[in-house]
Amino acid sequence: MQEYYDKMTAQARPHAGRFTLNATDGAARAGVLDTAHGSIETPIFMPVGTVGSVKALAPDDLHALGAQIILGNTYHLYLRPNDKLIARRGGLHTFSAWDKPILTDSGGFQVFSLSSLRKISEQGVEFRSHLDGSKHVFTPENVVEIQRNLNSDIMMVLDECVPYGADYAYTEKSLELTTRWALRARQAYPQGCAHNLLFAITQGGFFKDLRARSIAALVDHDFDGFAIGGLSVGESKAEMMTHLYHATPLLPAAKARYLMGVGTPLDIINGICAGIDMFDCVLPTRNARNGTLYTSLGKINIKRKEYAEDDGPLDPQCQCYTCRTFSRAYLRHLYTSKELLAFRLNSLHNLTYFLSLVREARESIMQGRFHALKRHIESLYPEEAAAGGAIG
RNA sequence: GGAGGGGUUCCCGAGUGGCCAAAGGGAACAGACUGUAAAUCUGUCGUCGUGAGACUUCGGAGGUUCAAAUCCUCCCCCCUCCA
C-alpha cells in the first residue's frame with residue numbers, strides 16, 4: 001500500500017488544502033479550495049455519488065453540467081466493491097473515470113441511518129453489513145485508511161450523527177465521542193496524507209451550547225475544513241435555521257465550511273447566507289428519479305396530468321440539455337412509461353438547477369448583491385420560507 | 001352435436017349464503033423525499049355526503065331466503081377437448 005500512497009502523493013497537484021477567500025457579502029463567502037485533483041470554486045454544491053456513481057449519469061454528463069466535485073461514501077464503497085480493490089485499480093478517480101475532486105463521507109451517516117445494525121463504543125462502531133449481515137468495525141483510524149485507499153481528495157472523520165429528539169445528556173456524550181474520534185483520526189495521519197484533506201465534523205444536536213462546545217473543541221486542531229453535521233435529520237425548518245445561523249459564524253473563517261446533507265435550494269441559500277461554502281444532498285438526484293423537478297418558477301412534479309400535452313420546455317429559463325431539447329409532455333411520457341432516459345434527463349436538469357444556483361450565488365457575492373438573490377429564491381418557495389426557512 | 005370450464009368494480013384476478021362496496025396486483029390520480037439499504041414510499045381509487053350514512057354494483061331476466069357475487073330456473077356470450 002505504501003507504494004500506492006506514494007504514487008497518489010506524487011500525482012497530487014500542489015497547494016492541496018489551501019482555501020482562498022475571493023469576496024464576502026455580509027457573512028456570505030466566495031472562495032477557492034485547492035485539492036489534489038484541482039480547485040473548486042465556492043460556494044459549491046456537490047452531487048452525491050454514493051457507490052462511485054452519480055446515479056443515472058456518466059462522467060461526461062457531470063462535466064457537461066459543470067460539476068466540480070462529487071461525493072463518494074466510505075461505508076458503501078468499503079462493503080462493495082471494497083477499498084483495497086479500488087486502490088489496486090489506482091483509486092476511485094481512475095476506477096470511476098472521474099478526474100476531478102472527490103469528497104468521501106465517512107460512514108457516520110450510515111451509523112445513524114442504519115442504526116438497527118450497529119453498536120457504538122469508545123473504540124469505534126461495530127456494525128452489520130446491510131448487504132449480507134457480515135460484521136465489521138469502523139474506527140476513526142481505519143475509516144481514514146479506507147478513504148486514503150479510495151484516494152479521496154477530501155476525507156471526512158468518523159462521527160456519530162445524532163438522531164433528532166436525542167436529549168441533552170446523550171447529545172453531549174455523543175459530541176464528546178465524536179470529538180475524540182476526530183482528534184484520533186487527525187493524530188493517526190499527521191503528515192502521512194497531506195494531499196488527502198481531512199475535514200472534522202461538528203455535532204451538538206439542537207443545543208446551542210453543545211454546538212459551540214463541539215466547534216471549540218475542534219477548531220484549534222489542524223483540520224483542512226470543518227463540517228456541520230447532524231442537521232436536517234427530522235427537525236423543523238425553523239430549528240434547523242436557528243442552529244445553522246448560530247453555529248456557522250463560530251467556525252474559523254480561514255477554513256472551508258461544509259454543511260453536510262443539505263439541502264433544498266432555500267436551505268442552500270440560507271447556508272450561504274450564514275457563511276457556508278460547501279453543500280451536498282441527494283435531493284436533486286433522488287427527486288429527479290421520483291419525478292420532482294426544480295425550475296426557475298419553483299418545484300414541479302412531472303408526473304402530473306396537466307403536463308400530458310404541454311409542449312413547452314421543462315424550464316424556459318434553463319439552458320440544460322433536457323430543457324433545450326425536450327417538451328414537458330415528452331418528459332412526462334418517459335416518466336410514466338418508466339423509461340430509463342427519464343432518470344438521466346431529469347437528473348441532468350435538477351443538477352443543472354442546483355449547480356446554477358450556487359454559481360449564481362457566487363457571482364452575486366462577488367458583486368455584492370447576494371441578498372437580492374436570497375429574496376428571489378425565498379419568493380420561489382413561499383411555503384418553505386414561511387416555515388422558517390427565510391431567516392437572515 | 002357430445003363433454004367440461006368460465007363470465008366479478010378501468011384491466012388482471014380472489015371470493016361460493018351474512019363479517020362484501022367486494023382480497024391482491026396493475027393502471028390511473030395526488031403527495032412525500034435533505035452526509036442515498038430509495039427507478040422508493042404514502043394516500044385516494046362505484047356514486048352522493050364534511051360526516052354518520054344513503055344509494056347503485058359481481059353477464060341478463062326471474063326465483064328461493066330474514067339475508068344472494070355466492071343457491072335454483074331460463075336466456076346471452078366466451079374458452080378447451082371430442083365428433
Side-chain angles (χ1 to χ4, degrees), chain A residues 45-57 70-77 79-80 103-118 127-133 143 152 154-162 164 178 199-203 227-237 240-241 244 258-268 270-271 276 278-294 299-308 332 334-347 350 354 381 383-384 389:
Chain A
F45 179 80
M46 307 181 282
V48 180
T50 306
V51 300
S53 151
V54 176
K55 294 183 194 301
L57 300 181
I70 63 173
L71 251 68
N73 185 277
T74 301
Y75 169 88
H76 289 281
L77 290 169
L79 287 180
R80 186 170 61 193
L103 180 151
T104 47
D105 185 27
S106 61
F109 185 75
Q110 281 63 42
V111 169
F112 155 78
S113 66
L114 305 172
S115 58
S116 61
L117 302 171
R118 54 76 167 156
F127 60 93
R128 288 189 175 279
S129 161
H130 71 281
L131 297 171
D132 63 5
V143 159
S152 167
I154 302 175
M155 310 187 291
M156 301 304 298
V157 299
L158 183 66
D159 69 327
E160 187 196 2
C161 183
V162 183
Y164 181 64
T178 288
F199 278 28
I201 304 176
T202 67
Q203 290 286 346
I228 295 178
L231 289 186
S232 198
V233 290
E235 75 278 15
S236 72
K237 195 63 78 175
M240 176 181 160
M241 290 305 147
L244 169 65
Y258 167 27
L259 178 56
M260 304 186 78
V262 173
T264 67
L266 187 52
D267 290 340
I268 290 170
N270 272 300
I276 297 287
M278 302 163 67
F279 303 85
D280 81 282
C281 191
V282 304
L283 223 47
T285 43
R286 179 183 291 168
N287 277 357
R289 295 192 306 281
N290 291 334
T292 298
L293 303 175
Y294 292 87
K299 269 196 320 190
I300 74 166
N301 188 334
I302 198 62
K303 292 181 270 194
R304 290 177 65 93
K305 194 182 188 65
E306 63 178 295
Y307 304 122
R332 179 181 192 270
L334 287 179
Y335 196 91
T336 303
S337 306
K338 298 182 176 22
E339 279 296 314
L340 298 182
L341 184 56
F343 299 138
R344 175 160 173 262
L345 296 181
N346 292 350
S347 297
N350 271 357
F354 275 66
Y381 305 96
E383 283 178 25
E384 198 183 328

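In what follows, chains carry the letters A, B, and so on, assigned in the order in which the sequence lines appear, proteins first and then strands, with residues in each chain numbered from 1.
Across all strands shown, B:A69 forms no Watson-Crick or G-U wobble pair with both key distances under 3.5 Å. Across all strands shown, B:A14 forms no Watson-Crick or G-U wobble pair with both distances under 3.5 Å. Across all strands shown, the partner of B:G53 is B:C48, judged by Watson-Crick or G-U wobble contacts whose two distances both fall under 3.5 Å. With both pairing distances under 3.5 Å, B:G1 is matched to B:C82 as a Watson-Crick or G-U wobble pair. Pair assignment for B:U40: B:A32, on the basis of Watson-Crick or G-U wobble contacts that are both within less than 3.5 Å.
Separation of the P atoms belonging to B:C12 and B:G7 is 11 Å when rounded to the nearest angstrom. The same atom, C1', is picked in B:C77 and in B:G60; the two are 10 Å apart, to the nearest Å. Separation of the P atoms belonging to B:A3 and B:U73 is 16 Å when rounded to the nearest angstrom.
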Requested in this report: Going 5' to 3' through nucleotides 28-37 of chain B, assign each nucleotide B (protein heavy atom under 4.0 Å from a base atom), S (under 4.0 Å only from sugar-phosphate atoms) or - (no protein heavy atom that close).
Outcome: SSSBBBBBBB

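Looking at residues two or more places apart in sequence or on another chain, you find a salt bridge (charged side-chain N to carboxylate O under 4.0 Å, His left out) between A:Arg344 and A:Asp61.
Taking the six-membered ring wherever Trp is involved, the centroid distance between the rings of A:Phe279 and A:Phe45 does not fall below 6.0 Å.
Heavy atoms of A:Leu340 sit under 4.0 angstrom from at least one base atom.
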